[in-house]
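Data block below; observations after.
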2 protein chains.
Amino acid sequence: MAVFLSTYVNKVDRKGRVSVPAEFRKVLAGQSYQGVVVHKSLHYSALEGCSAEHMEQLSDSLETSDLSNEDYELIETTIFGGSIQLPFDGEGRIVLPQHFCEFAGITEEAAFVGRRKTFQIWEPGALAAHESGMRDKARSRDISLSKIIAKASAMRGAAS
Amino acid sequence: MAVFLSTYVNKVDRKGRVSVPAEFRKVLAGQSYQGVVVHKSLHYSALEGCSAEHMEQLSDSLETSDLSNEDYELIETTIFGGSIQLPFDGEGRIVLPQHFCEFAGITEEAAFVGRRKTFQIWEPGALAAHESGMRDKARSRDISLSKIIAKASAMRGAAS
DNA sequence: TGGACTATCATGGGATTTCATGGGCCGTCA
DNA sequence: TGACGGCCCATGAAATCCCATGATAGTCCA
């Protein structure tokens, strides 16, 4: 199953190189472009990454969507304009451009967070803060996964 | 359909390996991914486990559900970012990452608790405490399985 | 019914491979 | 010529695989 899962923390060496987790590279294996596409997150002090293929899908989706012209412009500029293709070196590492690192506050270590079709790259401390906040929120709202599944299954059942 | 049932306590060896109970492995048998997906429980000091397939269901459910963007984000970060795929070794064992063990307080032994479609992994002592608490609660609320079954049967009878 | 034989399973240890990480070399382009 | 990026190699640690062992439960036969 080819989705990005789990969180890995890797070191940034003095050349600015970071190993992309092997598990993530396996997800990307077999694709034409051996590397990742990265852009700044719209919501967080973090970077968003995905496969080049996923980026193309997103592009196609945009064209068929009913976004307003303004939103369309916005996404084109911020996401596509701000994206960069980062090829793997022989060992599966990428080099994050400096202004990306600064944006996310990444210096010594980078945390790769799987989010199914995409992943994020965080400064580990910032991620920890973000995560604990998220957990608290989830707890306080009493989110139950099994209920979500049950509900969705019921909807699928009703639809079919 | 096979479901996770009953509780098994297995040892964690010095490499951090634990045998997944054979009965649980039988439930997973025949699936494409030979292993389990584990994440931290939102509510307890325990780990939640399920099949990769179940995780995909959850993933699909998320997309078709009417969650707010925020809730969606929340789940992606806490569950998918916090999940890990643990493949079985040749003997049906998995290796729990240290981070997860600490979260659940697991050191020497791990208790696998079947919960139908999913299961939990507890430190045995914590589980005992948790269970007795639950038992008291159930007693105080006068929950009776036979009544629940009888009631459901009556409803089915009335409907048909 | 009881006892022996067998299959399954949890557990342990050693060997091997993978992976992250670091450093060095050699081009290219300014 | 000097800085930088790209490429290759070295290394230690960690994960993975493979085989051995003991215990338990289950089965079969007398």
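Computed from a predicted model, the values in this text were never measured in an experiment. In the text below, chain A, chain B and the rest are named by the order of the sequence lines, each starting its count at 1.
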Between the main-chain N or O of B:His43 and the side-chain N or O of B:Ser41, is there a donor-acceptor pair closer than 3.5 Å?
-> yes

May I ask you to decide if the ring planes of B:Phe4 and B:Phe119 are parallel, tilted or perpendicular, using 30° and 60° as cut-offs? perpendicular

Measure up the B:Phe24 and B:Phe112 rings against each other and bin them: parallel (under 30°), tilted (30 to 60°), perpendicular (over 60°). perpendicular

Do [X] and [Y] have side-chain heavy atoms sitting under 4.5 Å apart?
X	Y	value
B:Pro97	B:Ile84	yes
A:Phe100	A:Leu47	yes
A:Glu23	A:Leu5	no

Nucleotides 5-11 of chain C: which of its N/O atoms have a protein N/O under 3.5 Å away?
| unit_1 | atom_1 | unit_2 | atom_2 | d |
| --- | --- | --- | --- | --- |
| C:dC9 | OP1 | B:Lys26 | NZ | 3.3 |
| C:dA10 | OP1 | B:Ala22 | N | 3.0 |
| C:dA10 | OP2 | B:Arg25 | NH1 | 3.1 |
| C:dT11 | OP1 | B:Lys11 | N | 3.3 |
| C:dT11 | OP2 | B:Lys11 | N | 3.1 |

Applying side-chain hydrogen bond (donor to acceptor under 3.5 Å, both in side chains) to A:Arg141 and not counting sequence neighbours gives B:Glu70, B:Asp71

Residues passing the side-chain hydrogen bond (donor to acceptor under 3.5 Å, both in side chains) test with B:Ser146, sequence neighbours excluded, are B:Ser144

Task: Neighbour count >12 (heavy atoms, 6.0 Å) for atom CZ, B:Arg116 - done: no

Would you say CG of A:Asp60 has more than 12 non-hydrogen atoms from neighbouring residues, nucleotides or ligands within 6.0 angstrom?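 Yes.
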
Note: chain B reaches DNA chain D at heavy-atom distances under 4.0 Å over the stretch, first to last nt, 5' to 3', of D:dT16 to D:dC19

request  = Check the pair B:Glu109 / B:Lys11 against salt bridge (charged side-chain N to carboxylate O under 4.0 Å, His left out), numbers first and verdict last.
outcome  = CA-CA 4 Å; B:Glu109 289 186 322; B:Lys11 286 193 182 167; 5.6 Å; no

Worksheet item: What integer distance in Å separates A:Arg17:CZ from C:dA20:C1'?
Response: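 Nearest whole value for this atom pair: 11 Å.
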
From CZ of B:Arg14 across to C1' of C:dG14 the rounded distance in Å is 11 Å

| So does A:Arg115 pair up with B:Glu73, basic N to acidic O under 4.0 Å? |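 A salt bridge links A:Arg115 with B:Glu73.
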
In short, the helix from C:dT1-D:dA30 to C:dA30-D:dT1 is bent end to end, axes from five pairs each side, to 10°, by 30°

Practice prompt. Go through the steps to decide whether B:Glu108 and B:Val12 satisfy the test side-chain contact (heavy atoms from CB on, under 4.5 Å), and finish with yes or no.
Written response: CA-CA 5 Å; B:Glu108 314 237 308; B:Val12 181; 5.9 Å; no

With the criterion being N/O to N/O and under 3.5 Å, what pairs connect the protein with nucleotides 25-30 of chain C, and how long is each?
none

Residue pair B:Asp89/A:Pro87 against DNA chain D: nearer the 5' end by closest nucleotide is A:Pro87

